[in-house]
Visitor: 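The structure follows.
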There are 2 protein chains.
Amino acid sequence: MTSKYERANASDGQSRIPDIVIGRLPIYLRSLKILLSQGQTVTNSQELGDRLGISSAQIRKDLSHFGEFGKQGTGYDVAYLCKQLEKILQVDCIWPVVLVGAGNLGHALASYAGFENRGFRIVGVFDNQPDKIGTHVGSLQVEPLTQLPAHVARHHCRIAILAVPTKAAQNVANLLVEIGIKSILCYAPITLNLPEGIRVEYIDPVIHFQHMTYYLEKDCLKT
Amino acid sequence: MTSKYERANASDGQSRIPDIVIGRLPIYLRSLKILLSQGQTVTNSQELGDRLGISSAQIRKDLSHFGEFGKQGTGYDVAYLCKQLEKILQVDCIWPVVLVGAGNLGHALASYAGFENRGFRIVGVFDNQPDKIGTHVGSLQVEPLTQLPAHVARHHCRIAILAVPTKAAQNVANLLVEIGIKSILCYAPITLNLPEGIRVEYIDPVIHFQHMTYYLEKDCLKT
DNA sequence: TAGATTGTTAATCGATTAACAATC
DNA sequence: TAGATTGTTAATCGATTAACAATC
């Protein structure tokens with residue numbers, strides 16, 4: 001099995017593997033882990049594609065960027081493919097994540113039990129509102145933003161969740177970048193302006209709603 | 001201004017406007033509304049593109065699917081373009097949304113104040129856990145799932161948020177479809193299997209994290 | 001008018017799919 | 001072996017971009 005796989009990174013000007021392919025791997029992994037938990041040992045590109053609403057050809061093509069993981073006539077060993085995808089995505093470990101913003105959403109995220117077994121652990125919760133500092137969220141205690149730099153350094157955090165009010169988001173994001181955060185998951189409904197090399201992903205439910213309503217018959221409440 | 005715009009829908013086999021274009025319109029709208037709130041009256045494709053990390057050509061091309069909204073030499077009237085995008089996306093109104101799942105995430109969503117001025121209102125919260133029924137979330141009271149069908153009918157809901165545990169998600173989704181829901185925003189980390197014509201969008205923070213870690217230098221906690 | 005920016009075209013670029021030889 | 005499914009190629013399909021005439 002010769003791996004044609006070479007990691008794309010900041011110093012590698014020409015990334016060979018399209019980002020859109022990388023974006024599908026976590027979906028494949030999630031589905032495989034469900035099969036695994038159900039005790040299924042073998043699957044194939046057709047079955048996986050049916051489950052995900054993706055063509056089997058696309059799944060095979062995507063995987064082929066990283067090596068050969070299947071057997072002709074048989075398909076894929078579920079556990080083996082899981083392991084390989086985890087290695088490719090670098091989630092065969094636990095990444096420490098800091099959470100900024102201890103509002104309702106921050107609480108929900110800090111209490112969520114589903115991070116750990118998929119490669120992530122929230123190691124600190126930060127907020128600047130005096131009445132929030134010291135309160136408990138999940139198994140953690142809210143700390144003031146002044147503690148953030150030391151915490152990020154101590155835990156070697158590279159990933160942050162931004163769950164602060166919109167008006168504070170850009171400034172907090174700037175701070176995160178200054179102290180060494182490389183990837184931000186932003187829950188504020190805003191597009192951040194940050195230097196090259198910082199990766200930001202966004203979660204804004206309203207963006208999804210507005211995408212949906214384009215296709216709906218209009219019988220909503222008039223306002 | 002001749003509109004070449006015709007809505008794509010279930011009965012219209014060949015949709016002329018790519019879904020990927022539709023998906024960018026809410027981003028444009030979000031950015032325009034921020035400009036508007038800052039008192040800016042005019043913008044152009046270059047400025048908007050810079051803010052969003054998108055080429056100006058793409059913005060002009062996307063908009064051109066729906067009509068002509070700008071002036072040569074000047075650009076776009078911010079308020080006018082907002083209004084037009086809201087009309088295209090059908091968010092020049094308030095859509096009633098039901099929320100299923102009153103856990104931490106459900107609470108956060110029900111309490112979120114940012115839906116209303118972007119076209120959405122949560123009109124009901126449902127859960128099956130006896131200890132949750134009757135409790136208050138945001139300005140609403142949790143009701144049992146048995147009340148859901150009547151509620152959806154009464155409010156003409158077409159959109160639902162699914163914020164239940166993973167193991168319950170597929171069954172609740174089936175129920176939602178049965179009672180007339182057409183669009184589901186799913187927070188469970190799973191790909192739902194639903195009939196044609198039902199639109200599902202997914203929010204799973206871990207998918208974003210795993211996408212990010214592919215590009216990170218690996219110095220995470222070994223486990 | 002001169003300068004700026006649109007809307008649109010055509011070229012380029014990239015992603016998906018169909019098909020099939022290889023092979024388990 | 002016969003049947004099934006992979007990995008890969010080449011063709012198709014679709015999306016993005018560069019360039020510019022039109023025009024405010």
Side-chain angles (χ1 to χ4, degrees), chain A residues 1-5 8 13-25 27-28 32 35 40-82 84-85 88 211, chain B residues 1-5 8 13-25 27-28 32 35 40-82 84-85 88 211:
Chain A
M1 184 192 304
T2 309
S3 176
K4 293 158 297 181
Y5 166 47
Q14 68 247 30
S15 156
R16 272 170 288 325
I17 300 168
D19 184 64
I20 198 162
V21 172
I22 309 301
R24 280 190 293 261
L25 299 187
I27 309 282
Y28 299 166
L32 287 163
L35 289 178
Q40 190 169 332
T41 57
V42 172
T43 186
N44 56 63
S45 60
Q46 181 70 54
E47 180 182 51
L48 209 48
D50 288 348
R51 286 181 161 257
L52 299 175
I54 286 178
S55 78
S56 63
Q58 178 156 88
I59 289 175
R60 293 198 304 277
K61 184 111 219 294
D62 285 352
L63 294 177
S64 76
H65 285 102
F66 304 95
E68 305 187 351
F69 305 111
K71 271 213 215 354
Q72 284 98 327
T74 308
Y76 302 93
D77 181 279
V78 176
Y80 177 74
L81 188 50
C82 271
Q84 295 306 305
L85 287 176
I88 292 165
H211 191 166
Chain B
M1 184 193 302
T2 309
S3 176
K4 293 158 297 183
Y5 165 48
Q14 68 247 32
S15 157
R16 270 169 288 328
I17 300 168
D19 184 65
I20 199 163
V21 172
I22 309 301
R24 280 190 294 262
L25 300 186
I27 310 281
Y28 300 165
L32 287 163
L35 289 179
Q40 191 170 329
T41 57
V42 171
T43 187
N44 56 63
S45 60
Q46 181 70 55
E47 180 183 51
L48 208 49
D50 288 349
R51 286 179 161 260
L52 298 175
I54 287 179
S55 79
S56 63
Q58 178 155 90
I59 289 175
R60 294 199 302 278
K61 184 114 220 294
D62 284 353
L63 295 177
S64 76
H65 285 102
F66 304 95
E68 305 187 351
F69 306 111
K71 270 211 216 352
Q72 283 99 328
T74 308
Y76 302 93
D77 181 278
V78 177
Y80 177 74
L81 188 50
C82 272
Q84 295 306 307
L85 286 176
I88 292 165
H211 192 167

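A quick note: this is a predicted structure, and the numbers were derived from the prediction, not measured. So you know, we letter chains A, B, ... as the sequences are listed, proteins then strands, and number each from 1. All values below were derived from every heavy atom in this structure, side-chain atoms included, with hydrogens, water molecules and symmetry-related copies excluded.
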Visitor: Side-chain N or O of B:Thr74 less than 4.0 angstrom from OP1 or OP2 on C:dT5?
Guide: no

Visitor: Between A:Arg24 and C:dA15, is there a contact of a side-chain N or O with OP1 or OP2 at under 4.0 Å?
Guide: no

Visitor: Under a 3.5 Å cutoff, is there a donor and acceptor pairing between the side chains of A:Gln58 and A:Asp62?
Guide: no

Visitor: When you measure from the side chain of B:Gln72, which nucleotide among D:dG7, D:dT17, D:dC24 comes out closest?
Guide: D:dC24

Visitor: Quick one: on DNA chain C, does A:Ile54 or A:Lys71 contact a more 5' nucleotide (nearest heavy atom)?
Guide: A:Ile54

Visitor: Take A:Leu48 and A:Tyr76 through the test side-chain contact (heavy atoms from CB on, under 4.5 Å) and record every step on the way to the result.
Guide: CA-CA 10 Å; A:Leu48 209 48; A:Tyr76 302 93; 5.8 Å; no

Visitor: Let's see if you can work this out: which of C:dT6, D:dT8, C:dG7 has an atom nearest to the side-chain heavy atoms of B:Glu68?
Guide: C:dG7

Visitor: Between B:Gly73 and A:Ser55, which residue's closest nucleotide on DNA chain C lies nearer the 5′ terminus?
Guide: B:Gly73

Visitor: When the distance from CD1 of B:Ile59 to P of D:dA15 is rounded to whole Å, what number comes out?
Guide: 17 Å

Visitor: Determine: side-chain N/O of A:Tyr76 to OP1/OP2 of D:dG7, distance under 4.0 Å, yes or no.
Guide: yes

Visitor: Is there a side-chain contact between A:Asp77 and A:Lys71 (heavy atoms, below 4.5 Å)?
Guide: no

Visitor: With a 4.5 Å cut-off on side-chain heavy atoms, are B:Arg24 and B:Leu52 touching?
Guide: no

Visitor: A:Tyr28 OH to D:dT6 C1': how many Å, rounded?
Guide: 15 Å

Visitor: Go ahead and name the base partner of C:dA4; Watson-Crick or wobble counts if both distances stay under 3.5 Å, otherwise write none.
Guide: D:dT23

Visitor: For the side chain of B:Asn44, starting at C-beta, report the closest nucleotide among C:dT17, C:dG7, C:dT5.
Guide: C:dT5

Visitor: What is the distance from CD1 of A:Ile20 to C1' of D:dC13, rounded to the nearest Å?
Guide: 14 Å

Visitor: So what does A:Ser56 touch, heavy atoms closer than 4.0 Å: a base, only the sugar-phosphate, or nothing?
Guide: nothing

Visitor: Tell me which nucleotide, if any, is Watson-Crick or G-U wobble paired with D:dG14 when both distances must be under 3.5 Å.
Guide: C:dC13

